[in-house]
Amino acid sequence: MVNITLPDGSVRQIEKGASSMDVAKSISEGLARNVVSAEVNGEIWDANRPINEDSTVKLFTWKDDGGKFTFWHSSAHLMAEALEAIYPGIKLGTGPAIENGFYYDVDPGEHKISSDDFPKIEAKMLELARQKNQFVRKEVTKAEAVDFFSRKGDEYKLELIEKRGEDEQLSLYTQGNFVDLCKGPHLADTSTIKAVKMMKVAGAYWQGDENRQQMTRLYGITFPKQKELTQYLQMLEEAKKRDHRKLGKELELFMFSEKVGAGLPIWLPNGTALRQRLEDFLKKAQIERGYQPVITPHIAKKELYETSGHWAKYGEDSFQPIQTPREGEVFLLKPMNCPHHCEIFGHRPRSYKELPLRIAEFGTVYRYEQTGELHGLTRVRGFTQDDAHLFCTTDQLKEEFLGVLDLTQHVLRKLGFEDYTAQISLRDPATPEKYIGSTDDWDKAEQAIIDATKEVGLETTTELGEAAFYGPKLDFMVKDALGRRWQLGTIQVDYQLPQRFELEYVGADGEMHRPVMIHRAPFGSMERFIGVLVEHCGGKFPLWLTTNQYAILPISDRFNEFAEKLKKELAAHDVRGFVDDRSEKVGRKIRDAEVKKVPFMLIVGESEVAEGKVSVRKQGEGDVGKMTVAEFASWFKEQL
RNA sequence: GCCAUCGUAGCUCAGGGGUAGAGCACUUCCAUGGUCAGGAAGGGGUCGUGAGUUCAAUUCUCACCGAUGGCUCCA
């Protein structure tokens, strides 16, 4: 017998060689039916893999992330089996589970797979799933694996095997007619896969290397119940309605023009009003926190970026230099504001008494992004950073960092973002050549970030190798409507630029010292932030931010004058909106205001004029009754 | 940049080798209506751009530009 410790601390005894499935059965039959895999001593295992020693076991059902992972991973194998059946000679790459479903990278050879083929693939998968084929694990040596895949002629699998150590134990999983090199775990059998949907087909480089073979990546998703698939597809439909590109068009926030160029958003009046209000909000918060606004030009001499190191690092891959016609001077379109701000710091001798010096600018920058990467407002070629650079002493670093963390969280909170994560990006110790600066400085900077986030109790993930070349950073990541994660606010510690620009201040000791620099942008960029914000709130912006807080809807033209008078009164209360004075029926005006997501509709007609009141209607909710303008204004302010 | 799909009126889209259509929006007129689309008439497109095939191209082919979904990338 072996002892199995469950997450609640209870211990159960099972026969040696029994599996986590048996553990589940010992608890209840119902649980056993739902168990898809288990975590055994920290490793995810097949539910039916024998356990031979005392272990801690955590059972996964479909409801757990670990369970979904198993379910979708097995589904990837099922899809591969279907593909082999439909397309003889197809070669397989890798096929993992992902956040929503799974994919398999395949080399279809002479076949061509398009979305037209999806129904065929789905049907085959369901047919195979119904065969209730068991997933059978087999441990093999590297030589055995090489032998198997050589005979099968799967060069991609062979390449994966080659990378493994000589003595490494590998495993194969078989279900039906399909065998794959795989670590597992997998479902007990295919029969629990009841609903199948092929999602999309795309190209993907083999091993993520753009110099290598382009594979066909097939995405799919599966569920244990048809109903869950239906719900998932409905959720996707809903998400599409919130897409900032769609809403941006409908609400006339921004546009793109082929003539102006890809990735260069043009802000329309509605979007500009919104954006300026956001800017004002942050400017105010920053001035309260001792930031000093500056303005710098949009171009600078190439020399500036040679000094900063950006030319060497990104010069080849940026917008190419601009030359003056006569003097032959060479300028670059500003890709970031930091070098300009370094010049501001360095333009005269600085005293420690001036530190921390916080220089802020809504700086518009231009970066060359490959055409294929452009995406709405979230990935563009010209954008405005809510940038600031904080120059401080090493001793002040942590406090400044905490101040920035506080500001960023204030911004996110005020805009209704609750669900975000913070990612700490550190060096990849394996590739030191990618970074500039001394190891000592890097250590200190990384530690400062880790300490500060711990101190405010921020939940963080840590990514090695994601740091900027000049320093580690902390990024706030927010999900968009379709579950894609975007980096918004960023805070970066930088020891390199002050050194490259030879920035110095006179300390209390009369000696010269080098300041530390913090780059930070709570929004990240106005473009991306607004893009994500639009999706986050589905176009219903926070009341304080929205352009039209109300619409006055006169019942007929006779009341337009009264409406205008109300508008003036509301303006005196600092509430902004407009009068819909079109000769339309009130039902129509309501519909249009609802579609434009105007938070409040004030309906005025005969009785309102007589009583000196307005009938208030709340967007998405309906009639709330009559009140005077003053009553409305104070009720409105309560909701700000 | 790479792979796939796509580009027809301001928007959403139908059509298809013989120079184009719907709904909404827009304009005008009628209607002045009480809580999610009142009625009628009208204007509007060298069918993304350029080249090729053809008697004839918006339709077929190629290139370019742009968009969408991925990949790679993201100072």
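When reading the values below, keep in mind they use all heavy atoms of this one structure, side chains included, and skip hydrogens, waters and symmetry mates. Letters A, B, ... mirror the listed sequences (proteins, then strands); counts begin at 1. Predicted model, so just to flag it, every value in this text is computed and none were measured.
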Take atom CG of A:L374 and atom P of B:G69, then tell me their distance rounded to the nearest Å.
12 Å

Touch class at under 4.0 angstrom, heavy-atom based, for A:E250 against every strand present:
nothing

A:Y314 side chain near B:A75 phosphate (N/O to OP1/OP2, under 4.0 Å)
yes

Give a yes or no on whether a donor-acceptor pair under 3.5 Å exists between the nucleobase atoms of B:C2, that is its base, and the side chain of A:R212.
no

From C-beta outward on A:I590, which listed nucleotide comes closest to its side chain: B:A75, B:G66, B:C36?
B:C36

Shortest non-hydrogen pair, A:R520 vs A:D386, comes out as NH2-O, 2.9 Å

Under 4.0 angstrom, heavy atoms only, what part of the nucleic acid is A:F256 near: base, sugar-phosphate, or nothing?
nothing

Using the six-membered ring wherever Trp is involved, compare the ring planes of A:H77 and A:H73 and label them parallel, tilted or perpendicular (cut-offs 30° and 60°).
perpendicular

Determine the contact category for A:R617: base if any of its heavy atoms lies under 4.0 Å from a base atom, sugar-phosphate if only primed atoms, P, OP1 or OP2 are that close, otherwise nothing.
base

Looking only at atom types and distance, does a side-chain atom of A:D592 sit under 3.5 Å from a main-chain N or O of A:K589, one as donor and one as acceptor?
no

With heavy-atom distances below 4.5 Å as the criterion, would you say the side chains of A:V604 and A:V609 are in contact?
no

Out of B:U35, B:U72, B:U32, whichever nucleotide has its closest atom nearest the side chain of A:V586:
B:U35

From B:C65, B:U12, B:U32, nucleotide with atom closest to A:K249 side chain
B:U12

Under 4.0 Å, heavy atoms only, any strand: does A:K589 hit a base, just the sugar-phosphate, or nothing?
nothing

With a non-hydrogen cut-off below 4.0 angstrom, is A:K473 in contact with a base, only sugar-phosphate, or nothing?
sugar-phosphate

Whole-Å P distance, B:U8 and B:G48:
6 Å

Which nucleotide sits closest to the side chain of A:A262: B:A67, B:C11, B:G34?
B:A67

For A:E210 and B:C71, give me the distance from atom CD to atom C1', rounded to whole Å.
9 Å

Are any of the side-chain nitrogens in A:R514 or A:E502 under 4.0 Å away from the carboxylate oxygens of its partner?
no

Does the aromatic ring of A:Y470 sit over the six-membered base ring of B:A75, closer than 5.5 Å centre to centre and tilted less than 30°?
no

Starting at CZ of A:R245 and ending at P of B:U68, how long is that distance when rounded to a whole Å?
5 Å

Quickly work out the A:R591 CZ to B:G34 P distance and round it to whole Å.
20 Å

Taking the nucleotide of RNA chain B with the closest heavy atom to each, which residue, A:F469 or A:R588, is nearer the 5' end?
A:R588

Residue A:K112, side-chain heavy atoms: nucleotide from B:A75, B:U5, B:C11 that is nearest
B:U5

Assign A:K200 to base, sugar-phosphate, or nothing according to its heavy-atom contacts below 4.0 angstrom with the strands shown.
sugar-phosphate

Expressed as a whole number of angstroms, how long is the span from A:L247:CG to B:U12:P?
13 Å

If I take atom CD in residue A:Q213 and atom C1' in nucleotide B:A4, what distance separates them, rounded to the nearest angstrom?
15 Å

Taking the minimum atom-to-atom distance to the side chain of A:E369, which one of B:G1, B:U32, B:C74 wins?
B:C74

pair_partner(B:G34), Watson-Crick or wobble, both distances < 3.5 Å, evaluates to none

Can you find a heavy atom in the side chain of A:R617 that is under 4.5 Å from one in the side chain of A:E594?
yes

